[in-house]
There are 2 protein chains.
Amino acid sequence: MNKRKATTLKEIAKKLDISISTASRALNNHPDISDATKEKVQQLAEKLHYSPNLFAQGFRTQRSHILGVIVPNIAHYFTSTILKGILEEAETKGYKVIVSESNNNENKQSEMLRTMSQFGVDGILLALSRKTTSVDSILNTLDTVPLVLFDKVSHKIPCTQVVVDEEIAAFNAVEHLINTGKKRIAIIKETENSFNSEKRFAGYLRALKEHHIEVDKKIILSTEDVSLYKGRMMTNILLSLKERPDAIFAITDTAAIGAIKALHKYNIKIPEEIAVVGFSNSIHATIIQPSLTTVDQPGEKIGKTAVTYLIKEIESNKNEITTKTVTVKTHLIVRDSSFKV
Amino acid sequence: MNKRKATTLKEIAKKLDISISTASRALNNHPDISDATKEKVQQLAEKLHYSPNLFAQGFRTQRSHILGVIVPNIAHYFTSTILKGILEEAETKGYKVIVSESNNNENKQSEMLRTMSQFGVDGILLALSRKTTSVDSILNTLDTVPLVLFDKVSHKIPCTQVVVDEEIAAFNAVEHLINTGKKRIAIIKETENSFNSEKRFAGYLRALKEHHIEVDKKIILSTEDVSLYKGRMMTNILLSLKERPDAIFAITDTAAIGAIKALHKYNIKIPEEIAVVGFSNSIHATIIQPSLTTVDQPGEKIGKTAVTYLIKEIESNKNEITTKTVTVKTHLIVRDSSFKV
DNA sequence: AAAATGTATTCAAACGTTTGCGGGAATAAT
DNA sequence: ATTATTCCCGCAAACGTTTGAATACATTTT
């Protein structure tokens, strides 16, 4: 297609009456080349808009300067902010980014890992699909190409993982509720197997324990997918209890919003009767009435650090895989759903 | 990095005692090769997990099977749904997708076009950054690599463009307001130069005209960026008028939500006193109270058709550029902010 | 003056694939 | 029996770059 054929090293070399290798080395600032010729070559290259043929280069050096990213759902706001960070950091480091969606389908995820590594990406950034049970294919690509996990991770995979301080974040959220005088705090979480949900649940339990509040299983609700709809259903259940909770900690903003909608329906005052806290600081958080108290996860920062670690791994040509968990700090944003001034 | 070195055509050829070219042709299903050898080669290739070295291939054929996408802001919901469509369609057609953000910065956009085309993408999908004034750099890349514009387009650029039926959509939205008995309909739009805003404004005007409602400039408000904040500000202005409008058509959902928030503040009944209609069917539309009437833009479909046309252009090796505007249909979703049953 | 050192450049191979061309063998047409 | 025709396959070049090794020349050391 390219209608204007690109200028090559050969043309530059011929015009300057030097060899191709000299031209190549001059552009790569090789110490063997005299400053005079370097100058000449670089100037002519500039003038002719020379840019190396990436395929020839990649072919020769086995380096593509492409990063692969696989996420469950790109249209998820938090994911897209992470992606924003990934794109930005990758660009400044001189890498391009190929993006794929697994749609929370484990097979598709495996397939993508395979095609990406065979495609020749220099490294892969992966947020696991929900319920990734078999890590075999991941371990497989792991010894082919550097891999960094983020957001949705699993300790079964020995590689660098970038996550948020889930447990602490949840602890802080619940402690905040306790500090506002709440004593009977329900939680809406995911049914096991989710790294994030488990951590958040652990934070919830620790907060209760440290404040000597006993755990009541009746107000610990689990669901397969924490959606808005499920948030409503779960709060309906909570409202039907003899002993209603006085606060709801939802593992996710959408569920929290579902909870708020359910509470609205029964004309329950938020936060006076029942307070609500979410997790993610989604864009909805300030749209909903009352505005939602939630923990802010710095998506862009997660993306950037994930890229940083991945590139570090790529560029240190060590073949050993580093397994290390990087934790990014969150902070609680208190809004009207939990505390009114 | 790749620790396991990949199998090459050479190895396959040697093991089968045939030439490399035969192996290559066998895998590419070339008619010159007998079914017997094709079978042999393909089986062995399968067994050895052969996959062609993409760099060698791209190097040789000058085709990368990579599409470049440039969008203003990836974290914008509508954009991310388009991206979803792009990814899906590209994948089924055997293309990878490189994504970049222009951050609504025209210079960055130009820079990206340049690096992408020199990188060797087979085609580029572009949503223009806000206020793209100089189309030179775009015209420049246009004669280097196939280009398709989507969502944010400009008729100054001769290429395939995929858009939504903005004018009709706006017409329908405003007509809907008229049908519910509204007679004094304000509009919150962008200050010129925006393709989308102009089209929507045209639809607004046509609806008024066809229903013999005279245009009142006092309730036609423009702003640089149609944000939630600006939506509030604009409705504050509208509320300060002697003759208040009885409906507001906001060119964008976020502005519409800003309008709703402002109306809430003054305890104005929606839709009885003032109805509100937005544009985009963002995820907020059902979160806000009352739920927002808005026009639904099928993001995924836009993405898919954009890819379809781009690939068509790539694979027809014609060098001529086709200039054609493809319009994707929208439909109005009526919710509580304009019509209560 | 010969040898050693250093500097700047060139040679040539290699990466893995595709593809135009040529050729051998088998079959069909004359 | 000779000539066409068809069917398979191999040869070799080419894509543009990088890089180890060789070369040429100038400079310094012995």
Side-chain angles (χ1 to χ4, degrees), chain A residues 1-42 44-45 48-66 94 117-120 122 317, chain B residues 1-42 44-45 48-66 94 117-120 122 317:
Chain A
M1 268 274 98
N2 293 349
K3 293 135 200 180
R4 266 200 315 248
K5 67 194 178 325
T7 47
T8 74
L9 275 185
K10 200 197 287 185
E11 303 176 47
I12 292 183
K14 196 193 283 180
K15 287 212 184 186
L16 257 43
D17 202 35
I18 57 177
S19 75
I20 295 176
S21 21
T22 307
S24 170
R25 280 189 248 255
L27 288 171
N28 292 331
N29 208 24
H30 193 284
D32 269 7
I33 306 297
S34 72
D35 291 349
T37 44
K38 271 183 194 170
E39 187 73 10
K40 273 196 310 184
V41 176
Q42 278 159 8
L44 184 61
L48 298 183
H49 299 109
Y50 168 79
S51 70
N53 179 316
L54 274 290
F55 287 103
Q57 210 167 37
F59 177 38
R60 182 58 227 250
T61 60
Q62 300 289 11
R63 283 279 299 280
S64 60
H65 286 270
I66 298 179
S117 86
Q118 86 170 50
F119 185 84
D122 286 349
N317 277 333
Chain B
M1 267 271 100
N2 293 350
K3 293 134 199 178
R4 267 200 314 246
K5 69 194 176 325
T7 47
T8 74
L9 275 185
K10 200 196 288 185
E11 303 176 46
I12 292 183
K14 196 191 284 180
K15 286 210 184 185
L16 256 41
D17 202 34
I18 58 176
S19 77
I20 295 177
S21 22
T22 306
S24 169
R25 280 190 250 255
L27 288 171
N28 292 332
N29 208 25
H30 192 285
D32 268 8
I33 306 299
S34 71
D35 291 348
T37 43
K38 272 182 192 169
E39 187 73 11
K40 272 197 312 185
V41 175
Q42 278 158 7
L44 185 62
L48 299 183
H49 300 108
Y50 169 80
S51 71
N53 179 317
L54 275 289
F55 287 103
Q57 210 168 36
F59 177 38
R60 182 56 229 251
T61 60
Q62 301 290 11
R63 285 278 299 280
S64 60
H65 286 269
I66 299 179
S117 86
Q118 86 170 50
F119 185 83
D122 286 349
N317 278 332

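Worth knowing before you read on, the calculation uses all heavy atoms, side chains too, and leaves out hydrogens, waters and symmetry mates. In the text below, chain A, chain B and the rest are named by the order of the sequence lines, each starting its count at 1.
- Of the residues near DNA chain D, B/Thr37 and A/Asn53, the one whose nearest nucleotide (by heavy atom distance) lies more toward the 5' end is B/Thr37.
- In this structure, B/Ile66 and A/Phe119 have side chains that are in contact, with non-hydrogen atoms separated by less than 4.5 Å.
- Proximity of B/Tyr50 to B/Leu44: side-chain heavy atoms (C-beta onward) are nowhere separated by under 4.5 Å.
- Residues from residues 9-18 of chain B with heavy atoms under 4.0 angstrom of DNA chain C, sorted by number: B/Leu9.
- Shown here are the side chain to side chain donor-acceptor pair (under 3.5 Å) partners of A/Gln42, two or more places apart in sequence or in another chain: there are none.
- D/dT17 atom P lies 11 Å from atom CD of B/Gln62, rounded to whole Å.
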Chi angles and distances behind the side-chain contact (heavy atoms from CB on, under 4.5 Å) call for B/Lys40, B/Ile12:
CA-CA 10 Å; B/Lys40 272 197 312 185; B/Ile12 292 183; over 6 Å; no
Could you pull out all donor-acceptor pairs under 3.5 Å where a side-chain atom in residues 26-33 of chain B meets a protein atom, sequence neighbours excluded?
from    : atom 1 : to      : atom 2 : distance (Å)
B/Asn28 : ND2    : B/Ser24 : O      : 3.4
B/Asn29 : OD1    : B/Lys38 : NZ     : 3.2
B/His30 : ND1    : B/Asp32 : N      : 3.0

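- Applying the side chain to side chain contact (heavy atoms under 4.5 Å, CB included) criterion to B/Ser34, with sequence neighbours excluded, gives B/Ala36, B/Thr37.
- Sorted by residue number, the members of residues 20-33 of chain B with any non-hydrogen atom under 4.0 Å from DNA chain C read B/Ile20, B/Ser21, B/Ser24, B/Arg25, B/Asn28.
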What's the verdict on side-chain contact (heavy atoms from CB on, under 4.5 Å) for B/Thr8 and B/Lys14, showing C-alpha distance, side-chain angles and the deciding distance?
CA-CA 10 Å; B/Thr8 74; B/Lys14 196 191 284 180; over 6 Å; no
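- For A/Gln57 and D/dT19, the CD to P distance is 10 Å, given to the nearest whole Å.
- When the ring-ring contact (aromatic ring centres under 6.0 Å, His included) test is applied to A/Phe55, no partner is found at least two apart in sequence or on another chain.
- In this pair, B/Phe59 lays its aromatic ring flat on the base of D/dC15, centres within 5.5 Å and planes under 30 degrees apart.
- The NZ-C1' distance, from B/Lys40 to D/dC9, rounds to 11 Å in whole Å.
- Going from atom NZ of A/Lys38 over to atom P of C/dT7 covers 13 Å, rounded to whole Å.
- Within the 4.0 Å cut-off from OP1 or OP2 of C/dT7, not a single side-chain nitrogen or oxygen of A/Ser34 is found.
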